[in-house]
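These notes concern the structure reproduced below.
As the structure lists them, so they are numbered: ligands from 1, and atoms in each ligand from 1.
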Amino acid sequence: MVKKKQNPLRINYQEGIIEEKLWQIRDRANINEPKLVNVWTVDIKIGESRSFVDFIRQSVQKMEPVTFQHIKRIKKCDENNECLTVIVCSHFMIKEKDDFMHFMQEAPFSFQNVKGSSVVPQNGPPTKSLSMEWSNLYWPLVWRGNPNDQILNSYVFDMNFIEATLKQISELSLAEQASGKQAAVVSAFVNPKNNEVIFVSDHRHVCSPLDHSIMRGIRSVAELEHQKKQDHTNKGESETYLCLDFDVYTTHEPCSMCSMALIHSRIKRCIYLTPMNKTGCLESESGDGYCMHNNHSLNSKYEAFRWIGDEYPAAQIESNVCC
Ligand SMILES: [Zn+2]
């Protein structure tokens, strides 16, 4: 990852806008709400903190899905500085107390007061003042800057490729509208391994009412994968999620069915041209504000961006149509 100052792209971290054209879509209503996770804590003697840290490195980190980089794992548990309360792992890693006790048989230190009731924020807070607030409310945190700034800074935005793809779906969508099609939604699925692009359009009036362009795109990727598996030269490739880390471009903000299907397919990001205020499911202001790609209640996420320049118009679609 390049340093923020050295990033050649102009990124407005405050607003989440790249090159003044790509606007990061986030669940703005819940940005300041932590997503909490229960953790297993134990009390140890102060002289055993070194053994604890070694144990975490050797036995916990490789299995722990929560990073804890923003959390002080060790805190004092009494005024005399003789005892420490430490976080061993999250409930995502070990759910049941019996399993936790079994796991701790390997611990190279003595401990007592096992508890599974403490909660900590899974992700770092966006501001320093929230970091202090959450530290008081939940558990002491370390302020390392806004984690979203790091996400934006580490992303690769090939603006030429992005614009070329948006131009293509825009032109295809306008051409379909000109030929009289009602739901002229067009999507493009980009395979991260080879930059292969699959273009798909909406077929709800051709076959099934569920044939939205994104659903058809996912199916096309599945069919291609199936073909590859039949080709014996690709037998060695490991099976994985459909569309893993794909970029999906689409002319109109996806509906709940399509945005959920993109969650299941494990795409990396969705870039679209036109918001659909009634039927869209990504923006805080769209539909019922579910923000599917960024919703706290779902374990998987993807990034979403809307193109806010006016270079690439999409077909006009009635506001109550799901895209
Ligand atoms: Zn849809």
Side-chain angles (χ1 to χ4, degrees), residues 22-27 162 165-166 168-177 179-191 197-225 241-295 297-308 312-323:
L22 271 180
W23 181 45
Q24 185 190 28
I25 304 301
R26 303 183 70 202
D27 184 358
I162 289 172
T165 311
L166 291 175
Q168 280 176 289
I169 59 171
S170 160
E171 288 171 357
L172 287 167
S173 166
L174 293 177
E176 288 194 349
Q177 177 178 246
S179 69
K181 192 166 174 181
Q182 282 173 359
V185 186
V186 177
S187 302
F189 282 63
V190 182
N191 187 333
V197 189
I198 300 172
F199 290 96
V200 272
S201 56
D202 188 290
H203 269 197
R204 74 186 72 184
H205 300 298
V206 180
C207 192
S208 155
L210 302 180
D211 271 350
H212 296 190
S213 66
I214 284 179
M215 302 306 285
R216 292 191 65 233
I218 293 170
R219 213 159 58 228
S220 299
V221 173
E223 282 162 9
L224 267 179
E225 285 299 307
Y241 287 103
L242 275 179
C243 309
L244 181 69
D245 288 338
F246 271 52
D247 279 348
V248 173
Y249 297 77
T250 188
T251 48
H252 299 76
E253 183 183 356
C255 69
S256 53
M257 171 180 73
C258 292
S259 53
M260 184 53 132
L262 293 177
I263 288 267
H264 291 313
S265 310
R266 298 291 197 273
I267 68 158
K268 182 168 184 160
R269 61 189 172 187
C270 174
I271 299 175
Y272 61 96
L273 292 169
T274 307
M276 295 299 288
N277 295 117
K278 279 192 188 162
T279 61
C281 205
L282 301 182
E283 300 195 9
S284 305
E285 294 75 25
S286 294
D288 48 11
Y290 196 71
C291 299
M292 186 73 80
H293 67 295
N294 190 218
N295 192 289
S297 60
L298 300 174
N299 270 342
S300 180
K301 290 181 172 30
Y302 51 89
E303 290 292 329
F305 295 87
R306 191 220 296 175
W307 185 262
I308 51 175
Y312 311 115
Q316 299 275 341
I317 289 184
E318 282 184 34
S319 63
N320 58 352
V321 172
C322 292
C323 295

Practice problem: May I ask you to say whether K181 pairs ionically with D202, meaning some side-chain N is under 4.0 Å from a carboxylate O? | Solution: no
Practice problem: Please calculate the SG(C255)-the Zn ion (ligand 1)-SG(C258) angle and round it to 10 degrees. | Solution: 110°
Quiz prompt | Within-4.5 Å side-chain heavy-atom neighbours: F199 and V197 | solution = yes
Quiz item: Any idea which heavy atoms bring C281 and E253 closest together, and the distance?
Solution: N-OE2, 3.4 Å
Self-check item: salt bridge (Lys or Arg N to Asp or Glu O under 4.0 Å) partners for D27, two or more places apart
Solution: none
Quiz item: Does the shortest distance from the Zn ion (ligand 1) to an N/O/S atom of C322 fall below 2.8 Å?
Solution: no
Quiz prompt | Name, closest N/O/S atom of H212 to the Zn ion (ligand 1) | solution = ND1
